[in-house]
Number of protein chains: 2
Amino acid sequence: MTTARTSLPEAARHLSLRERKKLKTRIAIRNATYELIEEQGYDATTVEQIADRAEVSPSTVFRYFPTKEDIVLTDEYDPLAVDLLRSRPADESLLDSLRSIIRQSMTMAMTDDPSFVEREMKLRLRLMTEVPAVRSRVMESMSLTGRLLCRAVAERTGRDENDLEVRVYTMGLMGALLEASIYWTEHDYQGDLLDLIDRTLATFKDLPKR
Amino acid sequence: MTTARTSLPEAARHLSLRERKKLKTRIAIRNATYELIEEQGYDATTVEQIADRAEVSPSTVFRYFPTKEDIVLTDEYDPLAVDLLRSRPADESLLDSLRSIIRQSMTMAMTDDPSFVEREMKLRLRLMTEVPAVRSRVMESMSLTGRLLCRAVAERTGRDENDLEVRVYTMGLMGALLEASIYWTEHDYQGDLLDLIDRTLATFKDLPKR
DNA sequence: CCATCTTTTGAGAGCTACTCTCATTTCATG
DNA sequence: CATGAAATGAGAGTAGCTCTCAAAAGATGG
């Protein structure tokens, strides 16, 4: 049957055969999707085509990803960012912490796998600005990430995570940061994204601790 | 055939018969939708049912509203808000202006048609927090309104409407305000929404003029 | 009032994302 | 190798949405 569709990262060596296969199909589906989108565009790409190229059935595609948009967008980095935020010194201001962890995770990704940043991240951003369905999904996931971030923000400021101020401030930040990346994409990725993010954060007050 | 499905506001007297009929079907579709949603919920309500109750064909429904979510959400008030902002004194700070016009338009709507605010607005807010598809659509339209608002913000601050700062600041505001209404809805509309909005705006810097 | 032209509508076919069910295959385990 | 559990495929079904084309309804000029 289908073997060696993809090669796995070293980190996956200790997984059971089942788990490894699952990971493989997951990656195969995502790669197939990226390929097809680059060839034909997002809308012209059907789930059936994706399934064909990934050598699985359409049912399987939906078993791995709830929606077509999720194939493109699913990432597992958000909780990581929250952990990073938690590990910053407590006397640092919230905005400074954010600046640091964004810078940190971006340079991390950049040195770890530069082609990923160039190819995948920019494709995502492009789809986000161009395809309404994808953008909606991004915003949807933004409000989920926002909830996570709320907890971290609450910790740092000694407030409750359900405080109006915490929630409103956090979602304001997320909206602004999202807009910054849209701006960057619309301007053909000119200039340093990190600079734009600095300028973005500079338009915010610090949320006072209490 | 179908006559007198709905009564029209006085403002529509001078329209041609054709225009008046169009308006009627539009309103009929929306009312049918609201009714069905209150009876069965959003997802359980199909476009076919909506068409049946509004006494039109499904094709017609889609001719009037591009998507099912739009039936619930379409409003034509956003440009009005931008005009209001434009009419505020130039020496007033941006945040103060926003506070004023939000207060103004809400009390206007409240005195004009209180049942609308109670019924329709709260239904919308509830759908927005509960139905993912609707929320996405709201966010989508938020970024459109954001563009409008950018122009007004740019005018007031003597910046360009495509400035990173303008765009980022504006979208931050919109995200925060949206979150405030979600907060209000989740807390069963307790307390004064206007107070929540004041507290929301208080978490923002003023965007300096240049 | 009638004829003609234009706009709006309805009927229906078609596409695709997404769900569910059930039988079959593939891996894990004693 | 046998038995149980998990993953897959095949297929049918739903609903949102698009498109086409012919019929109905409103506008207009004589």
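Below, chains carry the letters A, B, ... as their sequence lines are ordered, and counting in each starts from 1. For clarity, every value in this text was computed on a predicted model and none was experimentally measured.
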Length of the line joining [X]:[atom1] and [N]:[atom2], which is rounded to integer Å:
{"X": "A/Lys24", "N": "D/dA7", "atom1": "NZ", "atom2": "P", "value": "16 Å"}
{"X": "A/Arg26", "N": "D/dT8", "atom1": "CZ", "atom2": "C1'", "value": "16 Å"}
{"X": "B/Arg20", "N": "C/dT8", "atom1": "CZ", "atom2": "C1'", "value": "16 Å"}
{"X": "B/Lys22", "N": "C/dT6", "atom1": "NZ", "atom2": "P", "value": "16 Å"}
{"X": "B/Leu36", "N": "D/dG16", "atom1": "CG", "atom2": "P", "value": "12 Å"}
{"X": "B/Ile29", "N": "C/dT8", "atom1": "CD1", "atom2": "C1'", "value": "12 Å"}
{"X": "A/Gln49", "N": "C/dA17", "atom1": "CD", "atom2": "C1'", "value": "13 Å"}
{"X": "A/Glu55", "N": "D/dA7", "atom1": "CD", "atom2": "C1'", "value": "17 Å"}

Count the heavy atoms belonging to other residues, nucleotides or ligands that lie under 6.0 Å from CZ of A/Arg119, then report whether that count exceeds 12.
no
Would the number of heavy atoms belonging to other residues, nucleotides or ligands and lying under 6.0 Å from CD of B/Glu19 be above 12?
yes
What are the residues of residues 58-73 of chain B, sorted by number, that bring a heavy atom to within less than 4.0 Å of DNA chain C?
B/Ser59, B/Thr60, B/Arg63, B/Tyr64
State which residue, out of A/Lys68, A/Glu38, A/Gln40, fulfils the side chain to side chain donor-acceptor pair (under 3.5 Å) condition with A/Thr45.
A/Gln40
Taking only N and O in the side chain of B/Lys21, is any of them less than 4.0 Å away from OP1 or OP2 of C/dT8?
no
CE on B/Met139 to CE on B/Met128, rounded to 0.5 Å:
8.0 Å
Would you say the side chain of B/Arg167 lies within less than 4.5 Å of the side chain of B/Arg147, judging by non-hydrogen atoms?
yes
Evaluate B/Ser97 against B/Ser100 for side-chain hydrogen bond (donor to acceptor under 3.5 Å, both in side chains), listing each step before the verdict.
CA-CA 5 Å; B/Ser97 300; B/Ser100 302; over 6 Å; no
Please answer whether the main-chain N or O of B/Gly191 pairs with a side-chain N or O of B/Trp184 as donor and acceptor at a distance below 3.5 Å.
yes
Extract from the structure each pairing of a protein N or O with an N or O of nucleotides 28-30 of chain C at less than 3.5 Å, listing the distance.
from   : atom 1 : to      : atom 2 : distance (Å)
C/dA28 : OP1    : A/Leu17 : N      : 3.1
C/dA28 : OP1    : A/Arg18 : N      : 3.4

Where the side chain of A/Thr46 is concerned, which of C/dT16, D/dA15, D/dA7 is the nearest nucleotide?
C/dT16
Assess whether a salt bridge exists between A/Lys122 and A/Glu118, defined as any Lys/Arg side-chain N lying under 4.0 Å from an Asp/Glu carboxylate O.
yes
Closer than 4.0 angstrom, basic N to acidic O: yes or no for B/Arg124 and B/Glu120?
yes
